[in-house]
Amino acid sequence: MLQQDTGRCIICSRACEQCGHPVRAAGNRLCRDCRRKAERLGAQQPCPRCGKPGYLREATGRCGPCSHPGSPKKPPIVCRECGELRRHAGLGLCSPCWQKHPGRPFIRGEHLRDRLAEPPLWLGDFVAYVAARHCVARACGFITDLGRLLDDEQSNSPHALLERSRRPGRSMGSFARALEDFFTLHGLALPTDQAERLAAGRRQRRIDAVPKPLRPAVASFDASRMRAQDRARRAGTRPRSNHTLETALGILRDLAVFLVDHRGKSDWALVDVHDVEAFLVTLPRARKRRLTVLRQFFRFARSTHIVLVDPARTLTAKEANGFRGRTLTLDQQRELFRRWSTDEHVHPHEAMLGMFALLHGASSSEVRMLQITHVDPVAQTVRLGKRPHPVPLDPASWAVLHRCLAHRAAWPTANPHVMVTKGTKAGRSPASTAYLSHVLDGCGYPPRMIRSTRLVDLVNTMDPKLVAAAFGMDPQATLIYLADHVDAGRLPNS
């Protein structure tokens with residue numbers, strides 16, 4: 001029988017007066033949780049000392065905090081660092097000054113050494129390492145995390161500590177990175193496989209994006225490529241890089257999605273040459289790179305009997321090997337040169353990468369891997385990448401490099417690279433490729449476009465073999481910048 005006021009039965013119509021939850025018993029006006037809360041509040045009485053409601057103790061007649069008061073606070077004293085009258089925290093310092101005291105990590109390290117039954121021999125070196133590269137609070141946190149690992153019942157060898165310190169997920173954590181840098185620098189442990197784990201995760205995400213009916217073949221193809229990479233490493237040949245493997249999986253993912261969404265095919269055996277050609281037409285400029293990957297995949301699929309006929313066997317790239325990229329005009333080059341040589345508001349990293357690419361044809365990887373030991377301040381030369389000879393710097397480039405070194409010197413870092421970021425100042429690794437890809441966003445031109453401008457100018461005004469020898473490049477790599485070029489000044493007058 002539904003009640004007219006609620007539209008429910010009589011049991012569901014009984015609601016708590018405070019929270020509105022259903023009340024099952026007919027004689028109750030409150031639900032179970034509200035009744036228990038009312039009983040607890042009813043048992044409380046005002047404390048005669050503090051006046052707050054609480055449970056009074058029989059021995060003292062007061063509430064719990066008033067029955068067991070803590071030790072009285074120490075009187076404030078004058079801080080020996082800032083000179084203000086504040087509460088004492090330690091070593092005659094107030095709390096803010098104590099938090100910034102550089103001796104805190106060493107004091108915490110001594111406490112950890114006294115607490116451990118068998119402290120490791122490298123504990124003092126680790127404390128000094130983190131204290132010199134991190135702020136006081138983070139260094140103390142690292143020492144606390146290390147003490148937690150040393151107190152457990154597992155092995156305390158450097159390799160075991162490094163494995164247990166790693167966080168699950170895409171980032172191993174700042175503490176694990178600090179441990180890895182310290183152990184590898186002192187020869188106590190080998191580097192972790194964090195880069196391989198991240199690469200495996202990127203490959204797996206690309207495989208998971210493939211439609212389910214076509215996914216097993218792509219996963220088998222990736223497994224075969226990983227076995228080939230491992231064999232190449234053991235044989236000492238040139239294995240495929242992780243970027244190459246990930247790019248191939250991305251192309252196969254795009255092909256699989258195209259086949260399912262636009263061609264209505266959910267089996268690799270149904271793919272024909274027209275499907276592959278229609279997929280290659282979607283991005284004409286990437287035809288050669290895509291076709292190379294598709295040929296490798298369908299050869300693997302035919303050898304494993306996934307397909308009977310290779311649909312990409314008769315297709316061709318149909319494109320010249322000449323340079324087709326964009327270059328800068330002379331006015332644009334002058335504008336960039338003035339920006340990087342005169343504007344003090346430009347970030348030093350942008351100025352160095354742009355100036356080196358504009359005047360010396362340096363790539364992002366060459367600037368990224370440039371170290372302090374590669375700079376010769378006497379001869380004003382630098383060693384870039386695999387170039388066989390040091391590169392002499394003009395006054396503008398040397399001034400930009402000096403700005404970058406001054407920016408690096410402002411941070412207490414032991415990183416050997418010239419370009420140091422906020423994320424790499426505490427370690428020894430170079431700046432990430434993602435950071436380098438966005439350094440020149442302020443000028444509006446990508447690094448490859450600026451570098452190509454310099455290479456095109458050098459190849460077309462000098463001997464390409466000399467350019468290849470100076471840049472450490474293959475002679476065939478410089479000839480692509482010479483394609484379809486006719487110097488009008490060298491033609492006979494007619």
Side-chain angles (χ1 to χ4, degrees), residues 285-286 288-289 319-343 346-370 380-401 403-404 418-419 431 433-491:
R285 299 186 64 179
K288 184 177 182 180
R289 182 177 69 252
E319 65 176 5
N321 292 327
F323 174 73
R324 301 189 307 274
R326 298 180 301 166
T327 57
L328 299 174
T329 62
L330 189 59
D331 293 336
Q332 291 173 339
Q333 297 179 50
R334 291 171 177 169
E335 179 184 357
L336 292 178
F337 182 82
R338 287 192 296 267
R339 170 185 173 87
W340 294 326
S341 59
T342 61
D343 193 352
V346 176
H347 197 277
H349 292 174
E350 176 193 341
M352 188 180 74
L353 177 61
M355 192 70 76
F356 277 36
L358 180 65
L359 300 182
H360 308 282
S363 62
S364 299
S365 61
E366 290 177 338
V367 178
R368 172 173 169 262
M369 302 303 295
L370 180 63
Q380 293 190 358
T381 60
V382 294
R383 286 195 171 273
L384 295 177
K386 298 180 180 180
R387 302 192 185 188
H389 304 287
V391 179
L393 298 183
D394 55 281
S397 301
W398 183 256
V400 168
L401 177 60
R403 280 188 57 200
C404 192
V418 173
M419 186 174 291
T433 55
Y435 177 80
L436 267 294
S437 63
H438 295 284
V439 166
L440 297 184
D441 288 350
C443 69
Y445 301 103
R448 180 176 296 182
M449 182 178 179
I450 301 174
R451 180 174 183 262
S452 299
T453 302
R454 184 57 174 165
L455 289 178
V456 168
D457 179 67
L458 290 177
V459 169
N460 288 278
T461 56
M462 299 174 57
D463 189 346
K465 291 185 178 181
L466 296 179
V467 177
F471 280 74
M473 301 170 58
D474 188 88
Q476 295 294 332
T478 57
L479 291 179
I480 64 174
Y481 296 97
L482 198 62
D484 300 332
H485 174 77
V486 177
D487 192 349
R490 299 184 182 181
L491 294 177

*Roughly how far, to the nearest 0.5 Å, is the CG atom of Leu458 from the CG atom of Asp463?*
12.0 Å
What side-chain donor-acceptor pairs closer than 3.5 Å can you find for residues 472-479, not counting sequence neighbours?
| from | atom 1 | to | atom 2 | distance (Å) |
| --- | --- | --- | --- | --- |
| Asp474 | OD2 | Gln476 | N | 2.9 |
| Thr478 | OG1 | Pro464 | O | 3.4 |
| Thr478 | OG1 | Pro475 | O | 2.9 |

*Distance in Å, Ser437 OG paired with Arg448 CZ, rounded so as to fall on 0.5 Å steps*: 11.5 Å
_Just verifying a value: how many Å separate Trp398 CH2 and Thr381 OG1, rounded to the nearest 0.5 Å?_
7.5 Å
_Qualifying residues under side-chain hydrogen bond (donor to acceptor under 3.5 Å, both in side chains), relative to Arg403, sequence neighbours excluded_ = none
*Give a yes or no on whether His347 atom NE2 has more than 12 heavy-atom contacts from other residues, nucleotides or ligands under 6.0 Å away.*
yes
*Report yes if the side chains of Pro392 and Gln380 come closer than 4.5 Å at any heavy-atom pair, otherwise no.*
no
*Going through the distances and angles, do Arg334 and Leu330 end up as a side-chain contact (heavy atoms from CB on, under 4.5 Å)?*
CA-CA 6 Å; Arg334 291 171 177 169; Leu330 189 59; 3.4 Å; yes
_Show the nearest heavy-atom pair for residues Ala362 and Val367, with the distance to one decimal._
CB-CG2, 4.0 Å
_Please report the interatomic distance CZ(Phe471) to NE2(His389), rounded to the nearest 0.5 Å._
13.0 Å
*Side chains of Tyr445 and Leu440: does their closest heavy-atom pair fall under 4.5 Å?*
no
*Partners meeting side-chain hydrogen bond (donor to acceptor under 3.5 Å, both in side chains) with Arg451 (sequence neighbours left out)*: none
*Do Tyr435 and Met419 touch side chain to side chain, with heavy atoms closer than 4.5 Å?*
yes
*His360 versus Leu393: any side-chain heavy-atom pair under 4.5 Å?*
yes
_Name of the residue among Arg387, Lys386, Arg383 meeting side-chain contact (heavy atoms from CB on, under 4.5 Å) with Glu366_ = Arg387
*Taking C-beta and beyond as the side chain, do Thr433 and Ser364 meet within less than 4.5 Å on heavy atoms?*
no
*Heavy-atom pair of closest approach, residues Arg454 and Leu358*: CD-O, 3.4 Å
*Nearest heavy atoms of Glu350 and Trp340, plus distance in Å*: OE2-NE1, 3.2 Å
_Side chain proximity check, Val467 to Tyr481, heavy atoms < 4.5 angstrom_ = no
*Any chance you could lay out the side-chain contact (heavy atoms from CB on, under 4.5 Å) test for Leu384 and Phe356, step after step, and finish with the verdict?*
CA-CA 10 Å; Leu384 295 177; Phe356 277 36; 4.2 Å; yes
*asked:* How long is the straight-line distance from CG of Asp457 back to CD of Gln333, given to the nearest 0.5 Å?
replied: 7.0 Å
*asked:* Measuring from atom CZ of Arg338 to atom CG of Asp343, what distance do you get when rounded to the nearest 0.5 angstrom?
replied: 12.0 Å
*So do Met352 and Val418 actually touch side chain to side chain, heavy atoms under 4.5 Å?*
yes
*Less than 4.5 Å apart, any side-chain heavy atom of Leu328 and any of Ile450?*
yes
*For Pro447 and Ala357, which heavy atoms make the closest approach, and how far apart are they?*
O-CB, 4.5 Å
